[in-house]
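Chain letters run A, B, ... following the sequence lines, proteins first, then strands; residues in each count from 1. Bear in mind that the values here come from a model prediction, so they are computed numbers and not experimental data.
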Number of protein chains: 2
Amino acid sequence: MNISMYQASAPRFANILKNLSALLDKAQAHCEAKKIDPSAITADRLYPDMFPFTRQVQIACDTAKGVVARLAGVTVPKHEDTEQTLDELKARIAITVDFVRSFRPEQLDGTEDKDVTLKLGQREVTWKGMQYLLGHALPNFYFHVATAYGILRHNGVPLGKRDYLGNP
Amino acid sequence: MNISMYQASAPRFANILKNLSALLDKAQAHCEAKKIDPSAITADRLYPDMFPFTRQVQIACDTAKGVVARLAGVTVPKHEDTEQTLDELKARIAITVDFVRSFRPEQLDGTEDKDVTLKLGQREVTWKGMQYLLGHALPNFYFHVATAYGILRHNGVPLGKRDYLGNP
């Protein structure tokens, strides 16, 4: 087994997104047990000018789908960011996992040097495929999942790092 | 340029650790400007049973040094986890970056199938090199850096995600 653009992307995104969905299950169970309105958690943020929990989940999904689509040269599917409940967020994660899992290794392998152009706010940035995956997308993806985890923990949802890592 | 165990590890760790050190500079400047005791930040955590800021930084460093050492078959350097101040944490990051940067590609490349055994609490886990890097170490590394970032943001340190990502 060699490391490859596929190995470093699709299965990694799918695993962590699956774990993220399980974090949402635990958040739901916690809200039910403690009679907490789930919107107190989904709208929460670590600081007023940071994104709330919902947006952290959406961006994690967008990062994952964007990588596999752009590397494979497929149109990035558009999702409307209308999710508000934990169930809606779980559905968003599920369609993202299905999309990521639909890619075969030969669609992603060999894209190390492929030009990938991204709009980041006002500016356009072009990376080579490997730099995009390793230097931008993976740190960004894990950032948003870890921040979502941090918001849940900050709100008292009982989780451990193994819930985040899963069984890779 | 092909993706390789080296490309997916040493330069990534070095880049993000360098960014983490710059986050600490901004935390220091913020504390000075606002007359905040830095220990209010270094001892802070997102929830009482989570690790404080200092430990998040230490674990990020340990994850990085552990990967390159284990993959290369070199003894993992021991650091005593005595850091308390931002300056001490920056020194810890700096020796870790120096260690990570001391590895050459040929020491890490080709270690995809190498057995790596880790003690995680009470249990011992053995992974193949690629699974260890992609499935355990990278998500773990980014988790602790993002959590350190989250603690700083939660305490009002003015940062943006570009400070975390740097110029990869």
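Side-chain atoms of D109(B) come within 3.5 Å of backbone N or O of Y6(B) as a donor-acceptor pair. E32(A) places no side-chain N or O within donor-acceptor distance of the main-chain N or O of A29(A), the cut-off being under 3.5 Å. K65(B) places a side-chain N or O within donor-acceptor distance of the main-chain N or O of P77(B), the cut-off being under 3.5 Å. Between the side chain of D37(A) and the backbone N or O of S39(A), at least one donor-acceptor pair lies under 3.5 Å. Proximity of a side-chain donor or acceptor of D44(A) to a complementary backbone N or O of A40(A) within less than 3.5 Å is not detected. S21(A) places no side-chain N or O within donor-acceptor distance of the main-chain N or O of K18(A), the cut-off being under 3.5 Å.
With a 4.5 Å cut-off on non-hydrogen atoms, M130(B) touches chain A through its side chain but not through its backbone. Contact of N15(B) with chain A is not made at all, since no heavy-atom distance falls under 4.5 Å. In this structure, the portion of Y164(B) lying under 4.5 Å from any heavy atom of chain A is its side chain and not its backbone. Using a 4.5 Å cut-off between heavy atoms, R45(B) makes no contact with chain A at all. For chain B, the nearby parts of D49(A) are the backbone and the side chain; heavy atoms of each come within less than 4.5 Å. Heavy atoms of Y132(B) lying under 4.5 Å from chain A are absent altogether. Residue R153(B) touches chain A through both its backbone and its side chain, counting heavy-atom pairs closer than 4.5 Å. Neither the backbone nor the side chain of K128(A) comes within less than 4.5 Å of any heavy atom of chain B. Residue F141(A) does not touch chain B at all, counting heavy-atom pairs closer than 4.5 Å.
Contact tally against chain A (heavy-atom pairs below 4.5 Å) for P11(B), G160(B), G135(B): the top residue is G135(B). Considering only heavy-atom pairs separated by less than 4.5 Å from chain A, the leading option among H144(B), Q7(B), R162(B) is R162(B). Contact count against chain A (heavy-atom pairs under 4.5 Å) is highest for N140(B) among N140(B), I16(B), V125(B). Per-residue heavy-atom pair counts under 4.5 Å with chain A were compared for P139(B), G156(B), S4(B), and the maximum is reached by P139(B).
In summary, the side chains of T85(A) and D87(A) do not present any donor paired with an acceptor at a separation below 3.5 Å, with no hydrogens or angles considered. D115(A) and T126(A) form no side-chain donor-acceptor contact under 3.5 Å, judged by distance and modelled atom types alone.
Partner of H136(B) under the side chain to side chain contact (heavy atoms under 4.5 Å, CB included) criterion, chosen from T63(B), V116(B), V67(B), L120(B): L120(B).
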